[in-house]
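In this text the structure is predicted, and so the values were computed from the model without any measurement.
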Amino acid sequence: MPPLVRTPTPPARPAKPVEDDAHVTEPLPFERPVQATPKPAADGTALGPTGRPMPVIPEPRPVTVHGNARVISMCNQKGGVGKTTTTINLGASLVEQGRKVLLVDFDPQGSLSVGLGLNPHEMDLTVYNLLMERDVTLEDVVVPSGVPGMDLLPSNIDLSAAEVQLVHEVAREQTLQRVLRPALAEYDVVLIDCQPSLGLLTVNALTASHGVIVPLECEYFALRGVALLKTTIDKVKERLNPDLEIDGVLGTMFDGRTLHSREVMERLVQAWGDKVFHTVIRRTVKFSDSTVAGEPITTYASSSAGADSYRQLAKEVLARWPAA
């Protein structure tokens with residue numbers, strides 16, 4: 001056992017004589033630091049949270065006929081970056097724009113299903129059954145999400161077995177694409193909530209998708225892993241799905257008061273350019289509260305800043321889709 005080392009006690013400072021009791025009772029002066037305001041662009045336009053001029057996002061066109069769905073994967077191999085929160089709230093915001101949306105819980109943890117108020121352990125049929133059993137159809141598994149116009153393809157821990165069982169299947173990377181094909185004619189948007197890994201399930205989701213949205217927490221560790229994700233997306237595009245595109249990178253859990261968040265956002269824009277959405281999702285406790293309530297923030301706290309951010313994101317996403 002190492003010997004105990006006692007740290008020397010610093011000598012006490014002599015107390016200053018109090019000349020006037022009034023000075024003791026007066027409050028200490030406190031000056032709140034002045035926060036730097038974003039500098040305007042060269043043309044006088046105010047800069048947004050990404051450091052770029054905030055564009056005017058057009059209103060989406062109305063939809064009279066549903067179908068020809070665009071399939072989007074929410075993908076990031078790092079967990080806790082806001083994939084599930086973005087899937088739920090972006091889907092609900094797209095519904096407010098008149099779109100019919102299908103959410104696909106493609107994570108064995110079943111977080112998307114739990115976030116919409118379902119108990120994964122009480123489900124008879126999930127996306128696992130749809131993948132592995134030929135006699136199960138999409139209509140057998142889809143359940144209402146609680147938001148009119150938005151349905152859910154639920155999941156639970158059974159899906160973890162699919163990654164092992166699909167290895168021996170023919171065209172194993174196209175399995176999800178095959179079972180989702182009937183949904184394309186019924187919905188306008190299909191959002192797939194991927195698991196935090198780059199395994200066979202994620203490759204299935206990327207193969208079935210037209211685009212990828214990458215939610216990225218504005219933290220250093222989240223920024224480091226994006227290069228590996230980009231490599232995986234490029235490989236799927238080259239070998240399995242030539243139509244796959246990165247629709248955008250979304251900054252989440254952004255706190256503009258911290259230098260770290262602003263630096264990460266600056267690096268993100270430097271690396272990805274216009275792929276970074278102008279909309280950012282800021283930290284707020286309302287997201288946790290809405291998850292406990294089992295509903296999107298757009299209905300739980302409709303007037304909150306978080307709900308407004310996802311409504312703006314929905315408009316920006318639709319503006320990037322040529323046929324939306």
Side-chain angles (χ1 to χ4, degrees), residues 32-39 46-52 54 57 72 74-94 96 103 107 109 111-112 114-117 147 191 193-196 212-226 229 247-272 275-317:
R32 185 177 298 277
V34 179
Q35 295 185 0
T37 56
K39 296 181 180 180
L47 298 182
T50 64
R52 299 170 294 171
M54 194 69 184
I57 302 175
I72 303 298
M74 294 289 173
C75 191
N76 193 328
Q77 79 273 21
K78 186 181 184 303
V81 298
K83 292 188 298 294
T84 302
T85 299
T86 298
T87 304
I88 294 174
N89 295 300
L90 176 59
S93 299
L94 289 171
E96 292 184 352
L103 306 184
D107 184 354
Q109 299 180 59
S111 300
L112 181 63
V114 173
L116 289 170
V147 177
L191 298 178
D193 183 26
C194 299
Q195 63 175 347
V212 183
I213 293 178
V214 183
L216 184 73
E217 182 186 8
C218 292
E219 295 287 343
Y220 173 69
F221 288 120
L223 187 63
R224 290 186 63 216
V226 179
L229 174 62
D247 283 345
V249 180
L250 175 66
T252 62
M253 305 180 194
F254 179 76
D255 189 348
R257 300 169 300 177
T258 65
L259 177 62
H260 184 69
S261 283
R262 297 196 300 270
E263 287 179 341
V264 170
M265 182 59 69
E266 181 181 352
R267 295 286 183 88
L268 200 59
V269 173
Q270 289 175 357
W272 292 80
K275 289 292 185 182
V276 180
F277 288 109
H278 290 274
T279 305
V280 300
I281 310 301
R282 302 178 185 270
R283 290 184 183 273
T284 172
V285 72
K286 293 296 183 182
F287 288 124
S288 301
D289 295 342
S290 63
T291 301
V292 173
E295 59 180 298
I297 195 172
T298 52
T299 58
Y300 177 81
S302 181
S303 59
S304 65
D308 292 340
S309 295
Y310 274 109
R311 291 188 180 105
Q312 179 177 308
L313 177 64
K315 294 179 181 179
E316 188 173 357
V317 164

Completion exercise
Of all heavy-atom pairs linking Gln77 and Leu229, the shortest is OE1-CB, 3.4 Å
Practice task
Kindly compute the distance separating CZ (Arg282) from CG (Asp255), expressed to the nearest 0.5 Å.
Solution key: 8.5 Å
Practice task
Might you confirm whether atom NZ of Lys275 has over 12 heavy atoms from other residues, nucleotides or ligands at distances under 6.0 Å?
Solution key: yes
Handout entry: Backbone of His278 reached by a side-chain donor or acceptor of Glu316 within 3.5 Å
Key = yes
Fill in the blank from the handout: Lys286 and Ala301 have their tightest heavy-atom pair at CD-CB, 4.1 Å
Practice task
Hey, could you give me the CD1/OG1 distance between Ile281 and Thr85, rounded to the nearest 0.5 Å?
Solution key: 10.0 Å
Practice task
Write down the atom of Cys218, the atom of Phe254, and the distance for their closest heavy-atom approach.
Solution key: SG-CD1, 3.7 Å
Fill in the blank from the handout: Only one of Asp193, Thr252, Val214 passes side chain to side chain contact (heavy atoms under 4.5 Å, CB included) with Lys83, and that residue is Asp193
Handout entry: Salt-bridge contact Lys315-Glu96 (side-chain N to carboxylate O under 4.0 Å)
Key = no
Exercise for the section: Measure the spacing between CG of Asn89 and OH of Tyr300 and express it to the nearest 0.5 Å. Expected result: 13.0 Å
Handout entry: With Ile213, the side chain to side chain contact (heavy atoms under 4.5 Å, CB included) member among Thr87, Leu90, Leu191, Val249
Key = Leu90
Exercise for the section: To the nearest 0.5 Å, tell me how far Met74 CE sits from Leu103 CG. Expected result: 9.0 Å
Exercise for the section: Apply the salt bridge (charged side-chain N to carboxylate O under 4.0 Å, His left out) test between Glu219 and each candidate in Arg267, Arg283, Lys78; give the one that qualifies. Expected result: Arg283
Completion exercise
Heavy-atom nearest pair, Pro215 first then Asn76, reads O-ND2, 2.8 Å
Exercise for the section: Please report the closest heavy-atom contact between Gly82 and Met253, naming both atoms and the distance. Expected result: N-CE, 3.9 Å
Problem - Pairwise side-chain contact, Arg52 with Val276, heavy-atom cut-off 4.5 Å (strictly under) - result: yes
Handout entry: Verdict with supporting geometry, Ser304 and Thr284, side chain to side chain contact (heavy atoms under 4.5 Å, CB included)
Key = CA-CA 9 Å; Ser304 65; Thr284 172; 6.0 Å; no
Problem - Flag, side chain of Thr299 to backbone of Pro296, donor-acceptor distance under 3.5 Å - result: yes
Fill in the blank from the handout: Tightest non-hydrogen contact, residues Thr298 and Ala307, listed as CA-CB, 4.1 Å
Exercise for the section: In sequence, state the C-alpha distance, the side-chain angles, and the governing distance for Thr279 and Tyr310, and then conclude on side chain to side chain contact (heavy atoms under 4.5 Å, CB included). Expected result: CA-CA 8 Å; Thr279 305; Tyr310 274 109; over 6 Å; no
Exercise for the section: Report the residue from Leu259, Val264, Thr258 that forms a side chain to side chain contact (heavy atoms under 4.5 Å, CB included) with Ser261. Expected result: Thr258
Handout entry: Set of salt bridge (Lys or Arg N to Asp or Glu O under 4.0 Å) partners for Asp308, sequence neighbours left out
Key = Arg311
Handout entry: side chain to side chain contact (heavy atoms under 4.5 Å, CB included) evaluation trace for Ile72 with Val317
Key = CA-CA 11 Å; Ile72 303 298; Val317 164; over 6 Å; no
Exercise for the section: Hey, could you give me the CD1/OG distance between Ile88 and Ser93, rounded to the nearest 0.5 Å? Expected result: 11.5 Å
